[in-house]
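Start at 1 and go down the list; that is how both ligands and their atoms are numbered. Side chains are part of it too, since the values below use all heavy atoms of this structure and drop only hydrogens, waters and symmetry mates.
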Amino acid sequence: MAIQRVLRFLLALWLAKASAEAASSVAKPGCQDTCANITIPYPFGVGLECAADDTFLVTCNTSFNPPRAFVPSINLELLDVSLSQGTIRVNNPVIAADCPGWYNDPNVNLTGSPFTFSDTYNRFTAMGCNNLAVINWGGAPVGGCMSFCQNATETRNGGCYGINCCQTTIPRYLKFVNTTFTSIYDSGNREACKYGFMVEQEWFTNLTSPYTASTMLRVPAVLGWRTNGMCKSLGMSGSTSANSSVCGANAFCSNGTLCYCTSGYDGNPYLADGCQDIDECADLTQNRCEKICVNTPGSYRCSCPSGYTSLGHLCYKDNGNRSARMAIIGTTASIGTLLLLVGMWWLYRIMKKRKKSLLKEKFFKRNGGLLLQQQLSSGEEGNVEKTKVFTSKELDKATDHYNEDRILGQGGQGTVYKGMLTDGRIVAIKKSKIENEGKLEQFINEVVILSQINHRNVVKLHGCCLETEVPMLVYEFIPNGTLFEYIQDEHVELLLTWEMRLRIAAEIAGALSYLHSAASVPIYHRDIKSTNILLDEKYRAKVADFGTSRSISVDQTHLTTRVMGTFGYLDPEYFQSNQLTEKSDVYSFGVVLVELLTGQRPISATRSEEARSLATHFLLAMAENRVFNIIDARVAKDGGKEEIMGAANLARRCLNLDGRRRPTMKEVAMELERLRMSNEKPTIQQDYEEVEYIAAQPSERWDATVTSTQSSVNHSASFSIDIHPLLYQ
Ligand SMILES: *[C@@H]1O[C@H](CO)[C@@H](O)[C@H](O)[C@H]1NC(C)=O
Ligand SMILES: *[C@@H]1O[C@H](CO)[C@@H](O)[C@H](O)[C@H]1NC(C)=O
Ligand SMILES: *[C@@H]1O[C@H](CO)[C@@H](O)[C@H](O)[C@H]1NC(C)=O
Ligand SMILES: *[C@@H]1O[C@H](CO)[C@@H](O)[C@H](O)[C@H]1NC(C)=O
Ligand SMILES: *[C@@H]1O[C@H](CO)[C@@H](O)[C@H](O)[C@H]1NC(C)=O
Ligand SMILES: *[C@@H]1O[C@H](CO)[C@@H](O)[C@H](O)[C@H]1NC(C)=O
Ligand SMILES: *[C@@H]1O[C@H](CO)[C@@H](O)[C@H](O)[C@H]1NC(C)=O
Ligand SMILES: *[C@@H]1O[C@H](CO)[C@@H](O)[C@H](O)[C@H]1NC(C)=O
């Protein structure tokens, strides 16, 4: 077991080493990358298939020990290759002249190769007494130096400053050195030996004595193999034509000359995949990570083990259990979010509710709620029965969301729906049409007036609703339609008998009388007409539509107003004078009475021009003593002549063009009651309530009604006065 483990460990080590070596190889894959201790990177190569081309071919002569490398294209020994500088170091021959037994190597000829003598690393050096050394290139001298002869300085001075040794820089891109030596003076045989060579300056100055170089056959020199603009070729410029850079992947060309691996990569930039990612994490000097280093292509990042917080490359130890804290933070955050959401939902609900209530309030105000409240609270004797202010919700429920099936009628003032309140009362709900402030005033007016009235022959107002966009009135439901429908009998099956007509007329007159004198403040209806008289299930009259009604203070006898009312019923005097008095209602009632008598329409195109108005038509007939010609057949049949004539005379008085000569409504009511009494025959079947109405003790009845519903003593008193004579007849 232990051995196996050791073996596995060793294998792993070996594999790691092998892969590391493979990654860092600078030669072409499968090529020899060293010769002795010399590294031979691509584009150089041992063997043609390993070199970029034959100029970079390197031979490793193993017959030497240690083996030595040569570059056959330039016929020089290779000492070193530098990819980063684009140079090689070679053993360059020393040329001598006048030196017995010295054999010169052939001059170095770099023509036709990418190599040049590096002008930065090399110096041309000459030695000898009185030696003038000149470099020729292409038949012309391109540089040179002269060394003087001085016996003593030879050993005294280690430098090369022109005495016995001279140095000079060389031109750029020098490819061929033809050195010629000239003796300035004849300096004897022994000292006649002259030397000239190209040498790497750093190596030369490292020599303890420069003259040791003259004893050498060869000295190191530096050759450049990357000249400017060579990024697109490895060899001679243009000799290896390529469109793109010779630099491999993750490499770039610097200054058009040299290839370099991009930062974070390392290797031979001239090989296709030479630049390998540097594992910075493997080298502690290459990364700054305090704890954990993660290598990434071209870079690395730092992280920290659990229990630490990472900050850049540093790690800080957490206080307490980090994961537990994270869990707590996470839970807190989620609970917080939940609470926030719930809170927002609540807020939304509240806002919505508030907005709705604000809207209701706005409607309430706009619909005259405040005015109404003021009017009602300042209402003189208080209301008979508190007019209820309904909520929009109640009415919505009552009308089944304003269902079209519930519509009773539609008119200029609005739509009337039939509805049922939660307490089971059937009501008529008038959805007013309020287009302008004037209409709104009418609406409030009706509410205020109706809230002051409690009379069996006046439509009862249960309440109103101001929260909706259009204000709404809630009345008692009157099931049998308008009086108009029964008089103009076209589609009504029941024809009103004379007796009923008389009763209805008396009821209307009673109601108007009450409004004019009995109510706390006189109220003028201003729009009495048969369409504003409703009939309940027992065909009792109910005066409705107080939209245009006015209440005036007792001491006022008249009120100047804009003329309102319906043509055909309109008091001509009021029409002309604009002065509203109680007699205007008397006139309109007169027209209704005539309608009841004749069954004709207040305005009719079938009649002659002057008799187009029913009032005129009737007055004409009366004046001409032919009133029975225009009396309704049913009335003529049922009624006694006396009563009919009585009613006709009453109507004529009501229609008097001079308002002052018209009777008051009280007088009218009394007269009608008198007519009813005389008409009454014991055999005629009366409904119970009618009998009771007449038979009941008037004081009891009215007092009961009044005291039970109204606290005002004044009011009940005025009632007794008004009503008693009427009933005792
Ligand atoms: C190669 O080895 C020789 C002798 O061991 C030494 O003089 C020379 O400097 C070495 N060259 C390189 C490039 O290391
Ligand atoms: C190696 O060098 C020796 C001595 O200079 C020479 O004779 C031989 O031909 C060389 N071998 C190769 C392969 O160049
Ligand atoms: C140098 O070599 C080139 C081609 O290799 C040749 O054309 C030229 O003549 C040579 N120069 C000398 C001075 O030998
Ligand atoms: C220098 O050399 C010359 C001739 O070689 C010799 O005569 C002379 O004495 C030498 N001078 C010294 C100082 O050694
Ligand atoms: C070197 O230059 C000299 C003078 O210009 C010339 O005579 C000689 O032939 C040249 N040598 C070579 C090898 O080119
Ligand atoms: C010269 O000497 C320095 C220091 O001794 C050394 O670092 C450098 O490599 C030497 N240069 C050469 C070309 O041998
Ligand atoms: C170089 O350019 C030639 C023509 O311009 C093209 O045919 C060839 O594919 C290009 N080579 C590369 C490596 O882009
Ligand atoms: C680029 O090369 C040119 C010519 O060799 C040289 O003059 C210049 O200094 C170089 N620039 C850099 C940034 O190496």
Among residues at least two apart in sequence or on other chains, which ones pass side-chain contact (heavy atoms from CB on, under 4.5 Å) with [X]?
X	result
Asn65	none
Ala27	Ser25, Cys31, Asp33
Cys166	Ala126, Cys145, Ser147

Subset of ligand 2 atoms that lie under 4.0 Å from at least one heavy atom of Ser63: 1 (C), 2 (O), 3 (C)

Ligand 2 atoms in contact with Asn61 (distance to a heavy atom under 4.0 Å): 1 (C), 2 (O), 3 (C), 8 (C), 10 (C), 11 (N), 12 (C), 14 (O)

Every residue of the protein that comes under 4.0 Å of ligand 6, judged on heavy atoms: Glu202, Trp203, Asn206

Residue pair Thr257, Asn255: steps toward the side-chain hydrogen bond (donor to acceptor under 3.5 Å, both in side chains) verdict: CA-CA 5 Å; Thr257 305; Asn255 202 13; 4.9 Å; no

Residue portion contacting ligand 2 (non-hydrogen atoms closer than 4.0 Å) for Phe64: side chain

Mutual orientation of the aromatic rings belonging to Phe44 and Trp225 [parallel < 30°, tilted 30-60°, perpendicular > 60°]: perpendicular

Stepwise disulfide (SG to SG under 2.5 Å) test for Cys315 and Cys302: CA-CA 9 Å; Cys315 291; Cys302 300; over 6 Å; no

Side-chain H-bond candidate by donor/acceptor type, Glu77 with Asn91, under 3.5 Å: yes

